[in-house]
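Just below is one structure, and these are the notes that go with it.
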2 protein chains.
Amino acid sequence: MYTLFFQHLNSKVQLTEEEQAHIKTYLTLKKIRKKQYLLQEGDVCKVIAFVEKGALRAYSVDDNSNEHIIQFALEGWTISDLYSFLTGDPATYNIDALEDSELVLISKSAHEELLQTMPKYETFTRLNITGAYLAMQRRLTSIKSSTAEERYQDFIALYPHIAQRVPQHMIASYMGLTPETLSRVRKRISSK
Amino acid sequence: MYTLFFQHLNSKVQLTEEEQAHIKTYLTLKKIRKKQYLLQEGDVCKVIAFVEKGALRAYSVDDNSNEHIIQFALEGWTISDLYSFLTGDPATYNIDALEDSELVLISKSAHEELLQTMPKYETFTRLNITGAYLAMQRRLTSIKSSTAEERYQDFIALYPHIAQRVPQHMIASYMGLTPETLSRVRKRISSK
DNA sequence: AAAGAGCATTGATCTAAATCAATGCTTTTA
DNA sequence: TAAAAGCATTGATTTAGATCAATGCTCTTT
């Protein structure tokens, strides 16, 4: 059940069996069905969710009821409204399941206690957030300096597994394009 | 000389005099004149720089020689090409000084040794990168869901000190706009 | 099996911002 | 102090992508 989670953890910081068992006492499992919310805008985000199986997305909704997807999470990825989680402020994002999914949850109190008592967990957290920061920076850079076509090519190259499992209009949203525009971009690409 | 740096450090993790003295042995000071490079694309980024005084920017240059500013750093901020710093790959960004500046530098070896020997330094690093991640996410969200006008208003509200010290065309670049467009945006705003 | 929702595609039109171009500052540099 | 570089502004034109609208297809749900 926790296999992927501990695989991911061990790839960042080497843990003994005892340490793994100890961490396990802080975790909970959750199954969530397709279309169900893990978090709704306005609620406080209580957990960091690691995806063992399935797929989720985080998105905001603007004044015109348009959805803006800011993140996908497949197996092996983590998803949360980190700002809400850390500050306790109401979430500005929704998170829901794109497929029936299995999650490993870390509550705020578990997270804080592990940070304070287990240096390796802090290292794990630091490495995770560093990776997330770098990914976000790359994304921001590409938004500013590339055309829609280049960005789509980059996306496909970087996340082929997402492209295969997620509807196109959501990928369009993630890339900041309308579904119509992405459709035309794809047509242009395929005709070359 | 290190006053701002330790002020910043202490605001995140409480340190004794001894701990501060210890950390100080890992730091170096550097003065850099306006227009000088701290880092050039293609070189490996060797340091994380904390700005004690002055102002710097990080930017990339695209195929058409257009500059894309990705970050400003004034007093109290940190600047680096973190990807290059961490991986040792050639930098994809340039960093130069917008004003004569004074920096506190942390080398890679200093950074690694402090991370491994001083838990508080790791906590400091984790909190810093978390803040940077959240700021970046906010920026990405605003690029996707707001008009140029809203984004400029947000920028001014969030970073009034930058707006005062940095030329407009650089702010335009930071926001992903041309100088002409920013000029017109400002005109529109001021006439309301 | 029928009805409906969700989705991708294509066409026509519109619009925000980019591009090209010129002008008059102000600040550097020689 | 003259020349040049850097900068902000304004105008005219172009363009990438958005918006509006319609169609057919494929899943769900009943």
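Each chain gets a letter, A, B and so on, in the order the sequences are listed, and its residues count up from 1.
One interatomic measurement links the two molecules: CZ of B:Arg188 to C1' of D:dA8, which rounds to 16 Å at whole-angstrom precision. Note: CD1 (B:Ile143) to P (C:dA17) measures 12 Å, nearest angstrom. Separating the CD1 atom of A:Ile189 from the P atom of D:dG17 is a distance of 11 Å, rounded to the nearest angstrom. Protein atom NE2 of B:His68 is 11 Å distant from nucleotide atom P of C:dA18, rounded to whole Å. One atom, CZ of B:Arg33, and another, P of C:dT28, lie 14 Å apart when rounded to the nearest Å. When rounded to the nearest whole Å, the span between CZ of B:Arg184 and P of D:dT13 equals 13 Å. Counting to the nearest Å, the P atom of D:dC7 and the CG atom of B:Leu182 are 14 Å from each other. Look at CG on A:Asn66: it is 10 Å from P on D:dC20, rounded to the nearest Å.
Looking at residues two or more places apart in sequence or on another chain, you find a salt bridge (Lys or Arg N to Asp or Glu O under 4.0 Å) between A:Glu75 and A:Arg165.
Nearest-nucleotide mapping onto DNA chain D: of A:Arg151 and B:Ser183, the residue sitting toward the 5' end is B:Ser183.
Considering A:Ile48, A:Leu103, A:Val104 as possible partners of A:Thr78, the one that fulfils the side-chain contact (heavy atoms from CB on, under 4.5 Å) test is A:Ile48.
Ion pair A:Lys34/A:Asp100 not flagged as a salt bridge, since none of the NZ, NE, NH1 or NH2 atoms sits closer than 4.0 Å to an Asp/Glu carboxylate oxygen. With salt bridges taken as basic N to acidic carboxylate O contacts below 4.0 Å, none links B:Lys30 and B:Glu102.
Distance from the side chain of B:Lys187 is smallest for D:dT10 among the nucleotides D:dT10, C:dT9, C:dA17. The side chain of A:Thr178 lies closest to D:dA18 when the candidates are C:dT10, D:dG11, D:dA18.
Although no hydrogens or angles enter the test, the distance criterion places a donor-acceptor pair under 3.5 Å between the side chain of B:Thr87 and the main chain of B:Tyr83. With hydrogens and angles disregarded, a donor-acceptor distance shorter than 3.5 Å links the side chain of A:Ser173 to the backbone of A:Glu67. A donor-acceptor contact shorter than 3.5 Å is absent between the side chain of B:Asn10 and the backbone of B:Gln14.
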Nucleotides 21-30 of chain D: protein proximity per nucleotide (B base, S sugar-phosphate only, - neither; heavy atom, under 4.0 Å):
B---------
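Note that the two end axes of the helix from C:dA1-D:dT30 to C:dA30-D:dT1 enclose an angle of 50°, each drawn from 5 base pairs, rounded to 10 degrees.
For residues 38-55 of chain B, no pair satisfies side chain to side chain donor-acceptor pair (under 3.5 Å), with sequence neighbours left out.
B:Val44 belongs to no multi-residue hydrophobic cluster, having no ILVMFWY side-chain contact under 4.5 Å with any other such residue.
Note: B:Arg151 CZ to B:Leu182 CG = 10.0 Å, rounded to the nearest 0.5 Å.
A cation-pi contact links A:Arg139 to A:Tyr174, judged by a cut-off of 6.0 Å to the six-membered ring centre and 45° from its axis.
Contact check of residues 166-177 of chain A against DNA chain D (heavy atom, cut-off under 4.0 Å) returns A:Gly176, A:Leu177.
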